[in-house]
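For reference, the structure discussed in these notes is given below.
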Amino acid sequence: MLRNGLKFVVFRMIAATGALVAAVGPAIMATADGSTLRGSVSDYWNVDPPRLFWLPFSVAAGLLFIDGWLSFTSPERPAQGRRWYNVVLGVSLAGLTWFNVDEQTTVHTISAVTFFSLFIAVIAYTSVLGWTGRHRDTDDAPHSPEAEVVSAKVSLIFLGLLGLTLGAWWPLGLITFFFFEVFALVNFALFYVQGIVSPFPYQHYEFSNDGVNRLLRRLHIMSA
C-alpha cells in the first residue's frame, strides 16, 4: 500500500515539475536583461544566452507530454482519468518555444493561445466540478469530499485573481502582458502542485445537470 502510494505521488510529480519549471523560467529570462522587462514572455526568445528561453520551456513541455502519455497506461487511470490535455499542453508549449513570435508568428500565436486557454479551461472545469458536482452513485471508491471542495475553492480563487490580472492588462493597461503571463504560469504551477497533495478524482464526479453530463460524455471530456 505504501509503495503504491509513493509510486503514485512520484508519478504525479512529473507534470507538477514541468509546471514549476515553466513558472520559474520567465524569472530566469528576465534576470538576463537586468532591470529591463520585455513586453511578454515570448519576447525573450532571443535572450542571451538563448537556452534561458528554450531550455526551461522544452523541459516543461517534455514532462507534461510524458505525464499525459503515461496516464493512458497508469493503473490509477480508472480513478484519475486519462490526462490527454497534458499531451496537448506539452505539444503547444513546445510549439510556442520553438516557433518564435517574430519569425513564425502564426504557429507561435496558435500554440500560445492553445496552451494558455487549455490550462485555464482545465482549472475552471476541475474547480466547478469539485465544488458543484455530485459523487457518482455507481462509484463506491473512497474519497474526501470536504478536501476536494476546499481544493476547488482555492483553485477558483486563484482563477478569479487571474481574471483580475487579465483585466489589469487589457483593457486597463495597468500592467504589461508579461506580468499577466507570469501570474498565469504561477497559477498553472500551483494547480499541478496541489494535484500532488490532493489529486482530483475526475472519474468519481459528474455535474448535477444530466444534460451537461450527456454532452460532455458525447464529446469524450467526461467518462461514461
| request: Output the distance between atom CD (Gln194) and atom CD1 (Ile196), rounded to the nearest 0.5 Å. | output: 11.0 Å

| Parallel, tilted or perpendicular: rings of Trp98 and Trp54 (30°, 60°) | tilted

| In Å, rounded to the nearest 0.5 Å, how long is the span from OG1 of Thr132 to CG of Leu129? | 6.5 Å

| Which residue pairs pass the side chain to side chain donor-acceptor pair (under 3.5 Å) test when at least one of the two sits in residues 163-187, sequence neighbours left out? | none

| task | Determine yes or no for a side-chain-to-main-chain donor-acceptor pair under 3.5 angstrom, with His135 supplying the side chain and Tyr205 the backbone. | result | no

| request: Check whether any side-chain N or O of Thr126 sits under 3.5 Å from a backbone N or O of Ile123 as a donor-acceptor pair, and report yes or no. | output: no

| query | Any side-chain heavy atom of Glu103 sitting closer than 4.5 Å to one from Asn46? | reply | no

| When the ring planes of Phe116 and Phe119 are compared, do they come out parallel, tilted or perpendicular, using 30° and 60° as the limits? | tilted

| said: Counting neighbours of CZ on Phe99 that are heavy atoms of other residues, nucleotides or ligands and sit closer than 6.0 Å, is the number greater than 12? | reply: no

| message | If you apply the rule side chain to side chain contact (heavy atoms under 4.5 Å, CB included), what do you find for Phe207 with Val128, and how did you get there? | response | CA-CA 9 Å; Phe207 290 102; Val128 174; 3.8 Å; yes

| field | Non-neighbouring partners of Tyr192 that pass ring pair (Phe, Tyr, Trp, His ring centres under 6.0 Å), sequence neighbours left out | value | Phe188

| query | Roughly how far apart are Leu52 CG and Trp45 CH2, rounded to 0.5 Å? | reply | 14.5 Å

| field | From CG (Leu70) to CZ (Arg82), nearest 0.5 Å | value | 13.0 Å

| message | Using the rule that Ile, Leu, Val, Met, Phe, Trp and Tyr join whenever any side-chain heavy atoms are under 4.5 Å apart, tell me whether Leu93 and Phe183 fall into a single cluster. | response | yes

| Positive for side-chain hydrogen bond (donor to acceptor under 3.5 Å, both in side chains) with Gln104, one of Asp102, Thr106, Asn100 | Asn100

| Salt-bridge criterion met for Asp210 and Arg217 (N-O under 4.0 Å) | no

| said: Angle between ring planes, Phe178 versus Tyr44, binned at 30° and 60°: parallel, tilted or perpendicular? | reply: tilted

| task | Please report the closest heavy-atom contact between Leu20 and Ala189, naming both atoms and the distance. | result | CD2-CB, 3.9 Å

| remark: Sequence neighbours excluded, the answer for side-chain hydrogen bond (donor to acceptor under 3.5 Å, both in side chains) partners of Asn209 is none

| query | Looking only at heavy atoms, which two atoms of Ala94 and Ala61 are closest? And how far apart? | reply | N-CB, 3.8 Å

| remark: Applying side-chain hydrogen bond (donor to acceptor under 3.5 Å, both in side chains) to Asp48 and not counting sequence neighbours gives none

| Are Val91 and Ile110 joined in one hydrophobic group, where the rule is that I, L, V, M, F, W and Y side chains link up if heavy atoms are under 4.5 Å apart? | no

| Do Asn86 side-chain atoms and Phe65 backbone N/O form a donor-acceptor pair below 3.5 Å? | no

| task | Measure across Gly130 and Val149 and return the closest heavy-atom pair with its distance rounded to 0.1 Å. | result | O-CG2, 3.6 Å

| request: For side chain to side chain contact (heavy atoms under 4.5 Å, CB included), just list the numbers for Phe191 and Ser155, CA-CA rounded to whole Å, side-chain angles, deciding distance to a tenth of an Å, and then say yes or no. | output: CA-CA 7 Å; Phe191 176 76; Ser155 294; 3.9 Å; yes

| said: With a 6.0 Å cut-off (strictly less than), is the heavy-atom count around CZ of Phe177, excluding the residue itself, greater than 12? | reply: yes

| query | Can you name the closest pair of heavy atoms from Ala32 and Val47 and give their distance? | reply | CB-CG2, 3.6 Å

| note | CZ (Phe115) and OG (Ser117) are apart, to the nearest 0.5 Å, by 10.5 Å

| field | Under 3.5 Å: donor-acceptor pair, side chain of Ser92, backbone of Leu89 | value | yes

| said: Per the salt bridge (Lys or Arg N to Asp or Glu O under 4.0 Å) rule, what does the pair list look like for residues 31-42, sequence neighbours excluded? | reply: Asp33-Arg38

| field | Cluster check Val193, Leu156: I/L/V/M/F/W/Y, side chain < 4.5 angstrom | value | no

| task | Taking the side chain as every heavy atom from C-beta outward, state whether Pro56 and Val24 have any pair of such atoms under 4.5 Å apart. | result | no

| task | Determine, using the 4.5 Å side-chain heavy-atom cutoff (strictly less than), whether Val113 and Val107 are members of one ILVMFWY cluster. | result | no

| query | Does Glu148 use its side chain to pair, donor to acceptor, with the backbone of Phe200 at less than 3.5 Å? | reply | no

| field | Sidechain-backbone polar pair: Ser71 side chain, Gly68 backbone, donor-acceptor under 3.5 Å | value | yes

| task | Following the transitive rule for hydrophobic clusters with a side-chain heavy-atom cut-off under 4.5 Å over Ile, Leu, Val, Met, Phe, Trp and Tyr, establish whether Tyr125 and Leu215 coincide in one cluster. | result | yes

Compile the donor-acceptor pairs under 3.5 Å between side chains in residues 157-164 and protein atoms, sequence neighbours left out, one pair per line.
none

| So how far is it from Met29 CE to Leu55 CG, rounded to the nearest 0.5 Å? | 9.5 Å

| said: Using every non-hydrogen atom in the two residues, find where Ala112 and Leu96 come nearest and quote the distance to one decimal. | reply: CA-CD2, 3.7 Å

| query | So, the side chain of Arg136 versus the backbone of Gln203: is there a donor-acceptor pair under 3.5 Å, distance only? | reply | yes

